[in-house]
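The analysis underlying the following values was restricted to heavy atoms, covering all of them including side chains, and did not include hydrogens, waters or symmetry mates. Here the structure is a predicted model, which means the values were calculated and not measured.
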Amino acid sequence: MSTRTPTTRRLAVATAAALALTLGVTACGSDGGKSSGSTASSTTSANASAPGSGVPKASGTLTVFAAASLKETFTELGKKFEAANPGSKVTFNFGGSSSLATSINSGAPADVFAAASPATMKTVTDAGGAGAQPTTFVRNTLTIAVPEGNPKHIAGLNDLTASGVKVALCAKEVPCGAAAQTALKAAGVNLTPVTLEQDVKGALTKVELGEVDASLVYRTDVRADAAKIDGVDFPEADKAVNDYPIVALAKAPNKDGAAAFVAYVQSPEAKQVLTAAGFQAP
């Protein structure tokens with residue numbers, strides 16, 4: 001038999017309602033905290049996967065030794081790298097890979113080396129000059145550079161031996177020269193050039209100036225100079241494709257900058273610039 005009065009019953013109901021409301025608010029607050037945490041986690045994840053977020057930042061002056069055939073693309077990438085890294089400054093030394101490797105092994109101050117062949121890079125790694133394992137970031141293929149309009153009607157490597165045709169090649173110790181020798185051997189062509197150049201730009205310039213009728217250079221060089229030069233592809237080029245390795249150097253004055261630039265060269269943005277210039281993915 002209940003002894004509660006009407007007043008007591010009303011008080012109990014009110015108390016139960018207040019308690020239920022308090023518990024509901026607490027539960028909502030707990031859910032809200034989880035929801036907020038989830039949102040923050042999603043934002044952090046989104047930021048972590050943003051374009052370029054995986055590339056370390058850099059500052060200060062950065063010196064890059066790079067194969068002559070990388071001049072146009074690396075100059076552009078250098079500007080983009082500086083824009084993405086306020087306070088950084090990229091300077092380049094472009095030339096024949098073998099000459100650059102010799103300079104590095106002789107103690108020339110440099111942060112990054114990008115070569116036009118693994119063999120050239122090996123001379124630096126064998127001397128202990130690499131600060132990490134070199135990474136191949138692009139490939140390049142030879143073509144025959146001829147003056148605009150191809151006045152000698154050159155269609156392949158055999159035509160380079162025709163009477164009156166003057167040809168420029170890169171020196172054998174230079175990657176483009178070594179590749180040219182491989183291609184000529186594959187075609188069974190014995191060619192005597194009128195000049196041997198120390199880098200691919202030198203061989204291309206001989207065609208531009210009209211000093212030779214043709215030269216064996218990279219497709220990327222012909223594409224970069226399309227207003228003055230035509231290119232003639234030949235099947236034996238597939239036997240002489242050059243891999244381009246890049247590495248941060250062991251004695252880099254700007255180690256953080258070196259690591260950042262090597263990472264940037266392998267980023268999607270950089271790859272877009274390189275492939276647009278005619279380089280191939282490794």
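Residues Y244 and F279 bring their aromatic ring centres within 6.0 Å. Aromatic rings of Y264 and F81 (six-membered ring for Trp) have centroids within the 6.0 Å cut-off, being under it.
Within a 6.0 Å radius of NZ in K122, no more than 12 heavy atoms belonging to other residues, nucleotides or ligands are found. Taking a 6.0 Å sphere around CG of D126, one finds it holds more than 12 heavy atoms contributed by other residues, nucleotides or ligands.
Between D243 and R139 a salt bridge is recorded (basic side-chain N to carboxylate O distance below 4.0 Å). Comment: E211 engages K206 in a salt bridge, judged by a side-chain N to carboxylate O separation of less than 4.0 angstrom. Between E72 and K201 there is a salt bridge, since a side-chain N of the basic residue sits under 4.0 Å from a carboxylate O of the acidic one.
Here the CD1 atom belonging to I144 is positioned 12.0 Å from the CG atom belonging to D213, to the nearest 0.5 angstrom. Note that CG of D221 and CG of N140 are 7.0 Å apart. Values are rounded to the nearest 0.5 Å. Between the CZ atom of F234 and the NZ atom of K239 there is a distance of 12.5 Å, given to the nearest 0.5 Å.
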| task | Given side-chain hydrogen bond (donor to acceptor under 3.5 Å, both in side chains), test T143 with D233 step by step and report yes or no. | result | CA-CA 5 Å; T143 191; D233 290 336; 2.9 Å; yes
Trace of the side-chain hydrogen bond (donor to acceptor under 3.5 Å, both in side chains) decision for Q133 with T135: CA-CA 6 Å; Q133 183 67 30; T135 302; over 6 Å; no
- Task: Report the C-alpha distance between T123 and N105 in whole Å, list the side-chain angles of each, state the deciding distance to 0.1 Å, and finish with yes or no for side-chain contact (heavy atoms from CB on, under 4.5 Å).
- Result: CA-CA 8 Å; T123 65; N105 289 341; 4.3 Å; yes
Does the pair T120 and S117 meet the rule for a side-chain hydrogen bond (donor to acceptor under 3.5 Å, both in side chains), with working shown?
-> CA-CA 5 Å; T120 308; S117 74; 2.7 Å; yes
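Side chain of N85 to main chain of A58: a donor-acceptor pair is present (N/O by atom type, distance under 3.5 Å, no hydrogens or angles). Using a distance-only test at 3.5 Å, with no hydrogens or angles considered, a donor-acceptor pair links the side chain of N254 to the main chain of S59. For Y218 (side chain) and S69 (main-chain N/O), no donor-acceptor pair under 3.5 Å exists by modelled atom type.
Using cut-offs of 30° and 60° on the angle between ring planes, the pair F92 and F74 is tilted.
A pairwise comparison of heavy atoms in A130 and V247 identifies CB-CG2, 3.9 Å as the closest pair. Residues V165 and D159 approach most closely at CG2-O, 3.9 Å, considering heavy atoms. The minimum heavy-atom distance between D230 and P147, with the atom names listed, is OD2-O, 4.0 Å. Annotation for N242 and P175: closest pair ND2-O, 3.4 Å, computed over non-hydrogen atoms.
Residues T275 and Q280 bring no donor and acceptor atom of their side chains to less than 3.5 Å of each other.
Inter-residue side-chain proximity for L62 and K89 is flagged as unmet; no heavy-atom pair is nearer than 4.5 Å.
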